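One structure is given below, encoded as structure tokens.
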Amino acid sequence: MSEERKSLNFIEQIIEDDLSNGMSKDDLRFRFPPEPNGYLHIGHTKAIGISFGLGEYYNAPVNLRFDDTNPAKEEQEYVDAIKRDIKWLGYEWDKVLFSSDYFQQLYEWALQLIKEGKAYIDSQSSEAMAEQKGTPTQPGIDGPYRNRSVAENLELFQQMKDGVFNEGEHILRAKIDMQHPNMLMRDPIMYRVINKEHHRTGNDWCIYPMYDWTHGESDYLERISHSLCSLEFKPHRELYNWFLDQIVDPNTLRPKQREFARLNLSYTIMSKRKLLQLVEEGIVNGWDDPRMPTISGLRRRGYTPYAIRKFVETVGVAKRDNIIDVSLLEFCIREDLNKTAPRVMAVLDPIKLVITNYPEAKEEWFDAENNPEDENAGFRKVPFSKNLYIERDDFKEEASTKFFRLKLGGEVRLKNAYIIKADHVEKDANGTITEVHCTYSEDTSKKVKGTLHWVSIPHALKATVQEYDRLFIDAAPDSHQDKDFMAFLNPKSLKTIEAYVEPSLKDAKIGERYQFQRLGYFNVDDATTAENLVFNKTVGLRDTWAKVKPKQNENQPKQPQQNNRPPIEHIKSFGKKYDRMPEDKQAKAKAEIIELAQHVSYDDVAPLFNTSVKKSGTRIITMITLGVLLKNGLEKNEAITAFIAKALEDKNALLVAEAKVLA
RNA sequence: UGGCCUAUGGUGUAACUGGCAACACGUUGGUUUUUGGUACCAAAGAGUCUAGGUUCGAGCCCUAGUGGGCCAACCA
């Protein structure tokens, strides 16, 4: 087997290293640990793809573990939705587990920590505790209850568990280090009182463990070998390890937490809290609204599990922040649907076409290919008659030769039917075209530039089509410190259209996906009834014609991340390229450097004087900057004179020229 | 007055661990086409944040800087 070396991502690398350092392949075990407080979204798919993908690759078990330690936010509805979505994506878990399964064990371990003097009951207000905790840049201080006796701690903890106290009166904290540089290590909370019914344990407990106390210990109990999570948990790793240190038996497998960058998609948001807000405020019609980046939203929109998995595979795994362009997601779904979706004709924005030389009562049924990408897809019959609908966009009275569609005097092919020629138009009082009159010819062998889709008016079915645009008009709506993400909502994200579709769609079933030829991919929405067909537009076809057309209502191009670089850094960025630039660019760069140099000090430039000889670009931009400083009254010193002198002897003509100006 | 993470074409990820910066999306041309789709061909686009160092050789190692991110919930 000559297997091509596939480059491993850093997580696969870690696992391979562990394996070659003696870990048994049988010890490999992963988990996906969602909190059941919302629906899964496309961002979760990455985490799912990583852990379940690893499971598939190594043939290792993957647990689905619901991290249900906060009854105030969690619901059974979410548990069910999460399971459904993972199944739909095509992944198989080994066991379904719940953090709440471990409440008793966690409690016993907490008792052990108290007895060892490693945990204590704090009885202050959360404000007081926050104050003692310090800030990221300032150490914390010990609180007054930090040195309570073991006996007292034990008694209070028992009372917490017995429901003696109200929420907020007492909590259990680990006793670590209030001065620790990592805030999470400053005596983190392990237990708090919550008087809410839990969706699984009911009212058995009124104390609930916190995430950090729960997560590592749950991984340990399940013998998870690699506990993979997103980057924002990196600071938790130290605490994760500290908690494990307290209870791990050195002869058993110790789980390892590793972190990867989460997935961000342009023009949408990935925060469950914010998605919930969209649902609750009625901006969208529920978690499965086709505009939502949730799995259920994408499913309803017509995405396939294959496309989503392909997408996640394509984006890769690394540790730097990223914003992936939606066009990649769209590519993945088009690629799948192109091969599988039956083609069909539908007119979304109709204009009436009358074939004047076609008999009034006549109808013909033509064969139409179901899918040119699939030889086995076969043919269907489509009806043709004197009166048709075509897209309003497909006709113009006059147009340039670049316009391949129908214009007066021009010829065009009707897909699966005849070639027609437009003769004249009928208009209403406003000058709007109401009918296009044309004549057909039976000779279909002729070559014409354009082919149009159409439907026969007497045979057409009415259908509702929902067309979606991005939910936000900004590429990164929740990355603005000064503006709320809601300010970027796209008011036109949903467009409902009354369309006409060919009669073969009469018995279309919910969930079925079609290509409306020349328009895009559409699927049959859940809201479809026997009386009314409803389609969702999944994604449009790639449209190179749309780019040629003068753009009408183009969305803001995404703004580049603004860099708050100091001027000298900005100047330096020209250095590498400067002597390779074409002249006009060079002049522009020079002007910019001179402008920036106004805000540069001698101390900024001085370190650049000993730039190595071969980096002439950097030396040139340094020379230009220096020129500005000298002009602004800087006195020449020895270092400056030496730098200029050395430059005068250089081979690079540009550098010499700049140096001569200052010499 | 801190700790940690991070920096490679427009975007995302690679570079066999120090040896010709590659792949995908996107973009631009072209061929084919009864979808301005698909498929196919081609091109443009980065010299790897900056400077210094080690080395015959650095995207990769070392030092210093700069940009970006995360950390102060009785959330996960």
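Chain identifiers are assigned alphabetically (A, B, ...) following the order of the sequence lines, protein sequences preceding nucleic acid strands; residue numbering begins at 1 within each chain. In this text the structure is predicted, and so the values were computed from the model without any measurement.
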Base orientation of U32(B), syn vs anti, 90° cut from 0:
anti

If we call it a pair only when both distances are under 3.5 Å in a Watson-Crick or G-U wobble match, what pairs with U1(B)?
none

Centres of the Phe157(A) and Tyr107(A) rings: under 6.0 Å?
yes

Can you tell me how far P of C74(B) sits from CZ of Arg186(A), to the nearest Å?
14 Å

Suppose we call two aromatic rings close when their centres sit under 6.0 Å apart. Are Tyr211(A) and His215(A) close by that rule?
yes

Starting from P on C4(B), measure out to NZ on Lys319(A) and report it in whole angstrom.
13 Å

Within less than 4.0 Å of OP1 or OP2 of A39(B), is there a side-chain N or O belonging to Lys339(A)?
no

Looking at the base of G3(B), is there any donor atom on it, or on the side chain of Glu238(A), that sits under 3.5 Å from an acceptor on the other one?
no

Going by the glycosidic torsion and a 90 degree boundary from 0, is the base of G47(B) oriented syn or anti?
syn

Is C23(B) paired to anything, Watson-Crick or G-U wobble with both distances less than 3.5 Å, and if yes, which nucleotide?
G12(B)

Heavy atoms only, 4.0 Å cut-off, all strands: where does Tyr208(A) land among base, sugar-phosphate and nothing?
nothing

Interatomic distance at P, C20(B) relative to G10(B), whole Å
23 Å

To the nearest angstrom, how far is Tyr240(A) atom OH from C4(B) atom C1'?
18 Å

Sugar-phosphate, base or nothing in reach of Lys447(A), heavy atoms under 4.0 Å
sugar-phosphate

Is it true that Tyr208(A) and Phe103(A) have ring centroids separated by less than 6.0 Å?
yes

For nucleotides A76(B) and U66(B), find the distance between their C1' atoms and express it as a whole number of Å.
34 Å

Send over the distance from Arg258(A) CZ to C4(B) C1', rounded to a whole Å.
14 Å

Using a 4.5 Å cut-off on heavy atoms from C-beta on, say whether the side chain of Asn9(A) contacts that of Phe260(A).
no

Using the benzene-type ring in the case of Trp, are the ring centres of Phe233(A) and Tyr240(A) under 6.0 Å apart?
no

Give the rounded distance in Å between these two atoms: CD of Glu217(A) and P of A76(B).
14 Å

If you take atom types as modelled and just measure distance, does the side chain of Arg542(A) reach the base of G36(B) with a donor-acceptor pair under 3.5 Å?
no

Phosphate oxygens OP1/OP2 of A76(B): is one of them under 4.0 Å from a side-chain N or O of Thr69(A)?
yes

Under 4.0 angstrom, heavy atoms only, what part of the nucleic acid is Leu541(A) near: base, sugar-phosphate, or nothing?
base

Side-chain donor-acceptor contact under 3.5 Å, Asp603(A) with Ser601(A):
no

Regarding Arg31(A) and Ser227(A), do their side chains bring together a donor and an acceptor under 3.5 Å, going by distance alone?
yes

Kindly say whether, by distance alone, the side chain of Arg565(A) makes a donor-acceptor pair under 3.5 Å with the base of U66(B)?
no

With both distances under 3.5 Å as the test, what is the Watson-Crick or G-U wobble partner of A42(B)?
U28(B)

For the side chain of Gln13(A) and the base of U17(B), is some donor closer than 3.5 Å to an acceptor across the two?
yes

Separation of the P atoms in G9(B) and U55(B), to the nearest angstrom
30 Å

Watson-Crick/G-U partner (both atom distances under 3.5 Å) of C61(B):
G53(B)

Report which part of the nucleic acid His236(A) touches: base, sugar-phosphate, or nothing (heavy-atom distance under 4.0 Å, all strands).
base

Does Ser612(A) have a side-chain nitrogen or oxygen under 4.0 Å from the phosphate oxygens OP1 or OP2 of G52(B)?
yes

When you measure from the side-chain N and O atoms of Arg334(A) to the phosphate of U38(B), is any distance below 4.0 Å, counting only OP1 and OP2?
no

Would you say the base of U35(B) and the side-chain of Gln515(A) have a donor-acceptor pair closer than 3.5 Å?
yes

Is the distance from OP1 or OP2 of A51(B) to the nearest side-chain N or O of Lys615(A) less than 4.0 Å?
yes

For Phe404(A) and G36(B), are the ring centres under 5.5 Å apart with planes inclined under 30°?
yes

Looking at Thr314(A), does any N or O in its side chain come under 4.0 Å of the phosphate oxygens OP1/OP2 on C25(B)?
no

So does Lys234(A) get a side-chain nitrogen or oxygen closer than 4.0 Å to the phosphate oxygens (OP1/OP2) of C71(B)?
no

For U33(B), does OP1 or OP2 lie under 4.0 Å from any side-chain N or O of Arg518(A)?
no

Using the aromatic ring of Tyr211(A) (for Trp, its six-membered ring), decide whether it stacks on the base of A76(B) within the limits of 5.5 Å and 30°.
no

Quick check on U11(B): is either OP1 or OP2 less than 4.0 Å from any side-chain nitrogen or oxygen of Ser327(A)?
no

If you look at every strand shown and take non-hydrogen atoms under 4.0 Å, does Ile324(A) touch a base, only sugar-phosphate, or nothing?
sugar-phosphate

Please figure out whether Lys133(A) or Asn610(A) has its closest RNA chain B nucleotide nearer the 5' end.
Asn610(A)

Validation row, ring centre Phe66(A) to ring centre Phe98(A) under 6.0 Å:
yes

Looking only at side-chain N and O atoms, does Lys576(A) come under 4.0 Å of OP1 or OP2 in U48(B)?
yes

